[in-house]
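Only a predicted model underlies this, so the values are computations on that prediction, with no experimental measurement involved.
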Amino acid sequence: MIKLLAVDMDGTCLDGRSRITDRTLLALREAAAKGMILVPTTGRNLECIPHRLAEGTLHRTGTSDDYANRGLFRYVISSNGARVTDIRKKKEIFRASVPAEEVQPLLQQCRGRSFGIASHVRHRYLLQGRLLTMAGRMIYGRDAGGVYCVRNMEEFILRNSCEVEEFQFYFLTPGAKKKLQAVLDVHPALHAAYTGIYAEVYAKEASKGKALAALAGHLGIQREEIACIGDGENDLSMFASSGLKIAMGNAVDRLKIQADYIAETNRNDGAAKAIEQYIL
């Protein structure tokens, strides 16, 4: 019997326009109504959780846990597994920050290298400079409640003694990706996941799989009682910590190979149909 359902957001529960459809939301609600613990498991920071899921949670309203009382979700795995948060108690269950001794050298070595710099700090999404912040707000749309602008990322983090959940380096010139790879070669405590336009950089101890295993241990749930749905390489570790593994039709091939089932794409309510068919 499935007791915990971990679901990725972008590319999985969100469609091609970064929206959660009514059918997907209904499927998630039906799973929660049957007593399953629903866990959004995302590369996003906590305050940028999709608004249709997040409206009414403690960190947004500062009031009662009315959303948790509606039974949809209580726990969130955010920043690619750097944090597991109990939003009802405002308590961290798991954390894996970028090591403090790596932060300043990394940012120093990235000065003047044509990177746009962003970070996840205290569950917020910080972007360096107004242009990058405007782009971030356009991308996140109504989910951009946790997006903030800082003038200088290095100065801000050091002045405020911030723990960093994750860095993002956007490639502003054709050679920027190779420059970042060269920088990260001297930072063995960090892991990087690359796309064509940016890289996510986080502690090697941070992964969706480790975060999911930590939450399951906290709740006394066994691996075979966990189901997960994902689409990206950052979901591979989540698959390793789950009993039932579902890959989206738009998932990377490495994930599809590991999956028990392959759903339809995120543009065709694949997550909702998978929950209806294989979980409910």
Measure the [atom1]-[atom2] distance between [X] and [Y] for me, rounded to the nearest 0.5 Å.
X    : Y    : atom1 : atom2 : result
Y194 : L180 : OH    : CG    : 4.5 Å
E224 : S242 : CD    : OG    : 11.5 Å
R95  : S79  : CZ    : OG    : 11.5 Å
L4   : Q222 : CG    : CD    : 12.0 Å
E276 : R23  : CD    : CZ    : 4.0 Å
N80  : T41  : CG    : OG1   : 10.5 Å

Is there side-chain contact between [X] and [Y], with heavy atoms separated by less than 4.5 Å?
X    : Y    : value
N266 : T12  : no
P50  : R44  : yes
L212 : V84  : no
Y148 : V121 : no
L106 : F169 : yes
C48  : H120 : no
V7   : T42  : no
F73  : L28  : no

Are [Y] and [X] connected in a single hydrophobic cluster, I mean Ile/Leu/Val/Met/Phe/Trp/Tyr linked by side-chain heavy atoms less than 4.5 Å apart?
X    : Y    : value
L215 : L72  : no
L38  : I20  : yes
Y198 : M153 : no
M238 : Y261 : no
F156 : I117 : yes

Aromatic plane relationship, Y140 with Y125 - under 30° parallel, 30 to 60° tilted, over 60° perpendicular: perpendicular
Presence of salt bridge, D15 and R19, under 4.0 angstrom: yes
Testing the basics here: between [X] and [Y], what is the closest heavy-atom pair and its distance to 0.1 Å?
X    : Y    : result
I229 : A271 : CD1-O, 4.2 Å
A274 : A263 : CB-CB, 3.8 Å
L184 : A192 : CD1-CB, 3.6 Å
A27  : L280 : O-CD1, 4.3 Å
T85  : H123 : OG1-CE1, 3.4 Å
C228 : F239 : SG-CD1, 3.3 Å

Main-chain N/O of [Y] paired with [X] side-chain donor or acceptor, under 3.5 Å:
X    : Y    : answer
T195 : I197 : yes
D86  : K89  : yes
K204 : P188 : yes
K273 : N268 : yes

Within 6.0 angstrom of K3 NZ, more than 12 heavy atoms from elsewhere: no
Over 12 foreign heavy atoms within 6.0 Å of CZ, R130: no
Indicate whether the side chain of [X] and that of [Y] have a donor and an acceptor atom separated by less than 3.5 Å.
X   : Y    : value
N45 : E165 : no
H51 : D143 : yes
R83 : S97  : yes

Derivation of the side chain to side chain contact (heavy atoms under 4.5 Å, CB included) call for V201 and V98: CA-CA 8 Å; V201 178; V98 175; 5.8 Å; no
Candidate pair R52 and D22, rule salt bridge (charged side-chain N to carboxylate O under 4.0 Å, His left out), full reasoning: CA-CA 10 Å; R52 293 196 73 191; D22 289 341; 2.9 Å; yes
Pair E225-M1, side chain to side chain contact (heavy atoms under 4.5 Å, CB included): steps then yes or no: CA-CA 6 Å; E225 297 172 320; M1 184 176 71; over 6 Å; no
Candidate pair L172 and F115, rule side chain to side chain contact (heavy atoms under 4.5 Å, CB included), full reasoning: CA-CA 6 Å; L172 304 182; F115 299 130; 5.8 Å; no
Test log, rule side chain to side chain contact (heavy atoms under 4.5 Å, CB included), inputs R267 and N250: CA-CA 9 Å; R267 295 177 183 272; N250 52 285; over 6 Å; no
